[in-house]
Chemist: 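First the structure, then my questions, so here it is.
We're numbering straight along the sequence, starting at 1. Values reported hereafter were calculated over all heavy atoms of this structure, with side chains retained and with hydrogens, waters and symmetry mates removed.
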Amino acid sequence: MRLNNPFSNERPIYLQIVDRIKVKIITKEYRPGDKLPSVREMASLMQVNPNTMQRAFSILESEELVRSHRTSGRYVDLDEEKIAKLRKDLAREQTTAFLGSMEQMGFTMDEILEELEKLREEK
């Protein structure tokens, strides 16, 4: 399966890959303990150079979201509390970015909350 979304030029590709894998972990597309595709397989899926993919995996390993087993590959960490914290951290980042964008457009916090409430009611 190929990715639908191309990478943006705003951030390094390897960091965008890290973000995409984190989303796959918090949405349980990759569950705790799941084996991840190899560097070459993942690079092919993401349409990037294997060195770029290796760099992304290294970051995920340094953040202890992915564990490397020399003979058997990489696995999603089993610590569900760490994954739950990642989910909350990513939600905070997205919310902060959203609020910043809305404030740049001149919306007050009350107006933002009003719009969110309207959307909530529509759903």
Side-chain angles (χ1 to χ4, degrees):
M1 176 176 85
R2 298 266 182 204
L3 289 176
N4 296 333
N5 301 336
F7 294 102
S8 76
N9 293 326
E10 296 174 15
R11 295 178 61 220
I13 291 173
Y14 71 94
L15 292 177
Q16 293 176 63
I17 292 170
V18 167
D19 290 345
R20 288 180 182 190
I21 293 172
K22 285 179 177 180
V23 169
K24 288 178 181 281
I25 291 171
I26 66 171
T27 61
K28 301 194 187 277
E29 186 172 332
Y30 294 146
R31 295 182 177 281
D34 278 359
K35 183 176 182 185
L36 296 174
S38 71
V39 169
R40 290 202 181 279
E41 290 172 306
M42 191 73 93
S44 177
L45 287 170
M46 299 269 184
Q47 300 178 326
V48 297
N49 182 297
N51 292 332
T52 301
M53 194 65 240
Q54 178 61 46
R55 193 167 185 186
F57 273 149
S58 293
I59 290 171
L60 291 165
E61 288 174 11
S62 72
E63 293 180 4
E64 298 182 349
L65 293 169
V66 170
R67 301 263 183 222
S68 181
H69 299 282
R70 281 210 150 131
T71 58
S72 60
R74 289 181 174 83
Y75 295 82
V76 176
D77 191 81
L78 292 169
D79 187 346
E80 293 201 31
E81 285 182 30
K82 188 183 302 176
I83 294 169
K85 181 183 180 317
L86 170 64
R87 183 173 180 262
K88 287 185 181 197
D89 290 347
L90 290 177
R92 179 171 280 275
E93 284 177 28
Q94 291 292 314
T95 303
T96 300
F98 166 74
L99 290 173
S101 294
M102 295 297 284
E103 288 171 352
Q104 281 182 338
M105 290 188 284
F107 285 88
T108 65
M109 187 58 76
D110 286 339
E111 290 172 321
I112 295 168
L113 291 172
E114 184 180 314
E115 287 301 314
L116 288 173
E117 186 58 38
K118 285 179 190 175
L119 285 172
R120 186 173 149 226
E121 288 172 5
E122 289 174 13
K123 289 189 172 211

Chemist: Distance from Met102 atom CE to Leu113 atom CG, nearest 0.5 Å?
Modeler: 10.0 Å
Chemist: Applying the 4.5 Å side-chain criterion to the ILVMFWY set and letting contacts propagate, would Val23 and Leu36 be lumped into a single cluster?
Modeler: no
Chemist: Please check if the side chain of Thr96 supplies one atom and the backbone of Arg92 the other of a donor-acceptor pair under 3.5 Å.
Modeler: yes
Chemist: Give the cluster check for Leu116 versus Met105: same hydrophobic cluster or not, with ILVMFWY residues linked at side-chain heavy-atom distances below 4.5 Å.
Modeler: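 Yes, same cluster.
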Chemist: Can you name the nearest heavy-atom pair linking Met53 to Ala43, along with the distance?
Modeler: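 Looks like CG-N, 3.8 Å.
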Chemist: Does any part of the side chain of Arg20, heavy atoms only, come nearer than 4.5 Å to the side chain of Phe7, both counted from C-beta?
Modeler: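 Counting from C-beta outward, Phe7 and Arg20 do come under 4.5 Å.
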Chemist: How many angstroms lie between atom CD of Glu117 and atom CG of Leu119, to the nearest 0.5 angstrom?
Modeler: 9.5 Å
Chemist: Return the CD to CD distance between Glu10 and Gln16, rounded to the nearest 0.5 Å.
Modeler: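 Answer rounded to 0.5 Å: 8.0 Å.
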Chemist: Write down the atom of Gly106, the atom of Glu111, and the distance for their closest heavy-atom approach.
Modeler: O-OE1, 3.8 Å
Chemist: If you measure from the Lys or Arg side-chain nitrogens to the Asp or Glu carboxylate oxygens, is any gap between Glu121 and Lys118 under 4.0 Å?
Modeler: no
Chemist: Distance check, rounded to the nearest 0.5 Å: Ile13 atom CD1 versus Gln47 atom CD?
Modeler: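 That separation rounds to 11.0 Å.
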Chemist: Quick one: CG on Asn51 to CZ on Arg55, what's the gap to the nearest 0.5 Å?
Modeler: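 If I round to the nearest 0.5 Å, the distance is 10.0 Å.
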Chemist: Indicate if Ile17 and Val39 have the same hydrophobic cluster label, given that clusters are the connected sets of ILVMFWY residues with side-chain heavy-atom separations under 4.5 angstrom.
Modeler: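 Per the 4.5 Å side-chain linkage, Ile17 and Val39 are co-clustered.
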Chemist: Count I, L, V, M, F, W, Y as connected when their side-chain heavy atoms are under 4.5 Å apart, and connections chain through other members. Are Leu78 and Ile21 then in the same cluster?
Modeler: no
Chemist: Identify the residue among Arg31, Lys82, Lys22 that makes a salt bridge (charged side-chain N to carboxylate O under 4.0 Å, His left out) with Asp77.
Modeler: Lys82
Chemist: Verify, without hydrogens or angle tests, whether Ser44 (side chain) and Arg40 (backbone) share a donor-acceptor contact under 3.5 angstrom.
Modeler: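 It does not hold such a pair.
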Chemist: Taking side chain as C-beta onward, heavy atoms only, is Val66 less than 4.5 Å from Tyr30?
Modeler: no
Chemist: Are Met42 and Tyr75 connected into the same hydrophobic cluster when the rule is that any two of I, L, V, M, F, W, Y join if their side-chain heavy atoms are below 4.5 Å apart?
Modeler: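 In one cluster: no.
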Chemist: Going by side chain to side chain contact (heavy atoms under 4.5 Å, CB included), Pro32 matches just one of Asp79, Leu65, Ile83, Ile25. Which one?
Modeler: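 It is Ile83, the one option of Asp79, Leu65, Ile83, Ile25 that forms the side chain to side chain contact (heavy atoms under 4.5 Å, CB included) with Pro32.
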Chemist: Can you establish whether the number of heavy atoms outside Arg67 located under 6.0 Å from its atom CZ is more than 12?
Modeler: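 Correct, the count exceeds 12.
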Chemist: Which heavy-atom pair separates Tyr14 from Ala56 by the least distance, and what is that distance?
Modeler: O-CB, 3.6 Å
Chemist: Please name the residue in the list Lys24, Glu93, Arg11 that meets the side chain to side chain contact (heavy atoms under 4.5 Å, CB included) test with Asp19.
Modeler: Arg11
Chemist: Quick check: closest heavy atoms across Ile59 and Ser62, and the distance to 0.1 Å?
Modeler: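 Minimum heavy-atom separation between Ile59 and Ser62: O-OG, 2.8 Å.
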Chemist: Does Arg74 have more than 12 heavy atoms from other residues, nucleotides or ligands lying within 6.0 Å of its CZ?
Modeler: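 Buried by this count: over 12 neighbours within 6.0 Å.
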Chemist: For the backbone of Ser38 and the side chain of Glu41, can you confirm whether one donor and one acceptor N or O come within less than 3.5 Å of each other?
Modeler: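 Between the backbone of Ser38 and the side chain of Glu41 there is a qualifying donor-acceptor contact (under 3.5 Å).
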